[in-house]
Amino acid sequence: MSSIQALRGTRDILPSESPLWETIERLARHVLNQFAYREIRTPLFEQTELFARGIGEATDAVGKEMYSFEDRGGRSIALRPEITAGLVRAFIQNKLFAQGGVQRLWHLGPAFRYERPQAGRQRQFHQLDVEILGSRDPRADVEVIAIATQLLNTLGLKALTLELNSVGSSEDRQSYREALVRYLTPFAHELDTDSQDRLIRNPLRILDSKDKRTQEIVTEAPSLLDFLSHDSQKHFEGVQQHLTNLGISFNINPRLVRGLDYYTHTAFEIQSADLGAQATVCAGGRYDGLVAQLGGPDTPAIGFGMGIERLIILLEQMKRFSTVPELDIYFISRGEKAELQSAILANQLRQQGYSVEVDLSGSAFGKQFKRADRSGAVVGLIVGDAEAEAGKVQLKWLGSGDQAELSQADLMAQAKDLKAKIAQRRADLA
RNA sequence: GCGAGCGUAGCCAAGCGGUUAAGGCAGUGGAUUGUGAUUCCACCAUUCGCGGGUUCGAUCCCCGUCGUUCGCCCCA
């Protein structure tokens, strides 16, 4: 145990898991392309102040969970606890607003929070972040939701629910907050201790308390939806209308409250029952004030973050994706001359577009065949002393065991043919 | 930050106070200098996360510590 371990809450993504990550990344890229979103890559760390100002000093993500430190120049730096703030900073700094119209952006990468790890939660975790800046139109809200649902559908995930709410403008929320506190204060001593604390710090969060008694009290509480201004209400109705038009079903949840300060109007979460305590795979909302708050021009925006690790948990439960690499050819050779020849042939075949693995062990043919079998290759090419002398090679179909000898020159001459046959063989198996 | 469970090989594990620390998978070598999911044999933990304590004796009991898992808080 004296060897160095990965830090708590961090994890290695091993070769057995990385194909799943690649699948998610590939499909995400594809769907985002369909929606005309463009990738942006921003730094993993930023000035601490960006997060303090953008996300909110009082939020847990910033107040107690941020990895912040002083660099060698005495600047206060933080690893990003989420992606939106940095993306908005880049939007402002690079004056992307000057290109007019709306900007559709996405980014996939790690974020960091100093929390106790548990199911679906790590200190370094990955998020797909999708944002559309410059539109107040409810269709923009629905567009990002449509991206999320299409991506999840493409991955084959079922049994997810879209929870939808509007938290209104900051004025709406302010008046609601007062009404809520007015209602709850007489019950203060009956609330669970966490909620008593929240009554002062962040009353809206009491709405989704897990405590039974608190839940009972909250059922009778005034509803946020009754405090929406006319405009807020109209926007919310627009969102619902467009969702319905697109055939995306949703569940209005007046208790859905987002954790970060910058949200306004639309708030949504996509949840799964199969994730344990962290049910949310994807969460987002509108943040019309954030860009201005960070020093940019007044720009409405909406987006979401999707937790890749949580997605992976769901996909692994389905066991739908293969983790076996696609290997065409496995080279078996023994003897100095044979090993030399097979190295050359392997390289030529790679240049022809094959994926080729060469057995380097020099061990008995029996062992090499065993490894060839397990490698998942379709074809085994064997060069021993006899073949090396005669300039030949044994071509073996590892599935059926059929084997034929041909000259190395013929092998290369028929390389195109072979490729079609390998594809055919693989299709037959699938 | 708080609560609970668990740490025996690369993986899955049995043992729960007496000293040879089961078994399975994987791996390596061999039976078989050249043909693979069959079979057989051998090898693979001076040691049970780490430190301390109790005991004649501790993988097993106690304390601490680290890690891990699940939950709370919070969140993707």
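In this text the structure is predicted, and so the values were computed from the model without any measurement.
Side-chain N or O atoms of T280(A) include none that pairs as donor or acceptor with a backbone N or O of E269(A) at under 3.5 Å. The backbone N or O of K392(A) lies less than 3.5 Å from no partner atom in the side chain of S407(A), so there is not a single donor-acceptor pair. Remark: the backbone N or O of L96(A) is not paired with any side-chain donor or acceptor of N94(A) at under 3.5 angstrom. Of the possible donor and acceptor atoms, one in the side chain of Y183(A) sits under 3.5 Å from a partner among the backbone N and O of I217(A). The backbone N or O of A90(A) lies less than 3.5 Å from no partner atom in the side chain of Q93(A), so there is not a single donor-acceptor pair. Looking only at distances, a side-chain donor or acceptor of Q368(A) sits under 3.5 Å from a matching main-chain atom of S363(A). With hydrogens and angles ignored, the 3.5 Å screen pairs a side-chain donor or acceptor of N253(A) with a backbone N or O of R255(A). Panel note: side chain N251(A), backbone E163(A); no donor-acceptor pair is recorded below 3.5 Å.
The number of heavy atoms from other shown groups lying within 6.0 Å of CZ (R350(A)) is above 12. Around the CZ atom of R371(A), the shell of radius 6.0 Å holds more than 12 heavy atoms that belong to other residues, nucleotides or ligands. In Q47(A), the CD atom is not crowded: 12 or fewer heavy atoms of neighbouring residues, nucleotides or ligands sit closer than 6.0 Å.
Atom P of nucleotide G36(B) and atom CG of L381(A) are separated by 17 Å, given to the nearest angstrom. Here G49(B) presents its P atom at 14 Å from CD of Q5(A), a figure rounded to the nearest Å. Between D274(A) atom CG and C70(B) atom P there is a gap of 15 Å when expressed in whole angstrom units. Rounded to whole Å, the distance from CZ on F51(A) to P on A76(B) is 14 Å. The separation between R80(A) atom CZ and C75(B) atom C1' is 17 Å, rounded to whole Å. Between D208(A) atom CG and C75(B) atom P the separation is 8 Å, expressed in whole Å. Nucleotide C72(B) holds its P atom 13 Å from the CD atom of Q215(A), rounded to whole Å. Between the CD1 atom of I313(A) and the P atom of U69(B) there is a distance of 11 Å, given to the nearest Å.
Side-chain proximity of E65(A) to the nucleotides A76(B), C74(B), G36(B) is greatest for C74(B). Between G67(B), G34(B), A76(B), one nucleotide has an atom nearer to the side chain of R8(A) than all others, and that is G67(B).
Comparing the same atom, C1', in C6(B) and in C60(B) gives a spacing of 15 Å after rounding to whole Å. To the nearest whole angstrom, the two C1' atoms, one in G15(B) and one in A76(B), are 42 Å apart. Only the C1' atoms considered, G27(B) is 30 Å distant from C66(B), to the nearest whole Å. G24(B) and C63(B) have their P atoms separated by 37 Å, given to the nearest Å. Rounded to whole Å, the C1' atom of G10(B) lies 38 Å from the corresponding atom of C56(B). Rounded to a whole angstrom, the distance from the C1' atom of G23(B) to that of U65(B) is 32 Å. For the P atom pair drawn from U54(B) and U69(B), the interatomic distance equals 34 Å after rounding to whole Å. When the P atom is compared between G49(B) and G30(B), the two are found 35 Å apart, to the nearest whole Å.
L398(A) comes within 4.0 angstrom of a nucleotide base, judged by non-hydrogen atoms across all strands. Note on Q122(A): a base of the nucleic acid sits closer than 4.0 angstrom, heavy atoms only. Counting non-hydrogen atoms under 4.0 angstrom, Q271(A) reaches nothing in the nucleic acid.
Consecutive Watson-Crick or G-U pairing (both distances under 3.5 Å) extending over three or more pairs maps onto RNA chain B as B:1-7 with B:66-72, B:10-12 with B:23-25, B:27-31 with B:39-43, B:49-53 with B:61-65.
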Encode nucleotides 28-33 of chain B as B, S and - characters from 5' to 3', where the letter depends on protein heavy atoms closer than 4.0 Å: B to the base, S only to sugar-phosphate, - to neither.
-> S----S
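For the residue pair T10(A) / Q124(A), no side-chain donor-acceptor distance below 3.5 Å is found, with atom types taken as modelled. A donor-acceptor pair shorter than 3.5 Å cannot be found between the side chains of S209(A) and D211(A). Side-chain contact, D141(A) with H265(A): no donor N or O sits under 3.5 Å from an acceptor N or O. Side-chain atoms of E387(A) and Q394(A) form a donor-acceptor pair, as typed in the model, at a separation below 3.5 Å. Between Y37(A) and E143(A), the side chains place a donor N or O and an acceptor N or O closer than 3.5 Å (distance only, hydrogens not considered). In summary, the side chains of Q174(A) and E178(A) do present a donor paired with an acceptor at a separation below 3.5 Å, with no hydrogens or angles considered. Neither side chain, S333(A) nor Q341(A), offers a donor N or O lying under 3.5 Å from an acceptor on the other.
Between F369(A) and F365(A), the angle of the ring planes lies from 30° to 60°, which puts this pair in the tilted group.
Geometric assessment of R173(A) against the ring of F227(A) yields a negative cation-pi assignment under the 6.0 Å and 45° thresholds.
Judged by closest nucleotide on RNA chain B, L7(A) is the one of L7(A) and G307(A) placed further toward the 5' end. Remark on RNA chain B: of its neighbouring residues A61(A) and G366(A), the 5'-side contact belongs to G366(A), judged by nearest-heavy-atom nucleotide.
Using a 4.0 Å cut-off on heavy atoms, the residues of residues 105-120 of chain A that approach RNA chain B are R113(A), E115(A), R116(A), Q118(A), A119(A), G120(A), listed by number. Proximity of residues 192-200 of chain A to RNA chain B (heavy atom under 4.0 angstrom from any strand atom) is restricted to D194(A), R198(A). For RNA chain B, the neighbouring residues in residues 401-410 of chain A, judged by any heavy atom under 4.0 Å, are G401(A), Q403(A).
Listed pair K210(A) / C72(B) meets the phosphate criterion, a side-chain N or O lying under 4.0 Å from OP1 or OP2.
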With the criterion being N/O to N/O and under 3.5 Å, what pairs connect the protein with nucleotides 38-44 of chain B, and how long is each?
none

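With hydrogens and angles ignored, a donor-acceptor pair under 3.5 angstrom links the side chain of K396(A) to the base of G36(B). At a cut-off of 3.5 angstrom, the base of C70(B) holds no donor-acceptor pair with the side chain of R121(A).
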Going through the distances and angles, do D328(A) and R426(A) end up as a salt bridge (charged side-chain N to carboxylate O under 4.0 Å, His left out)?
-> CA-CA 9 Å; D328(A) 297 320; R426(A) 194 169 267 140; 3.2 Å; yes
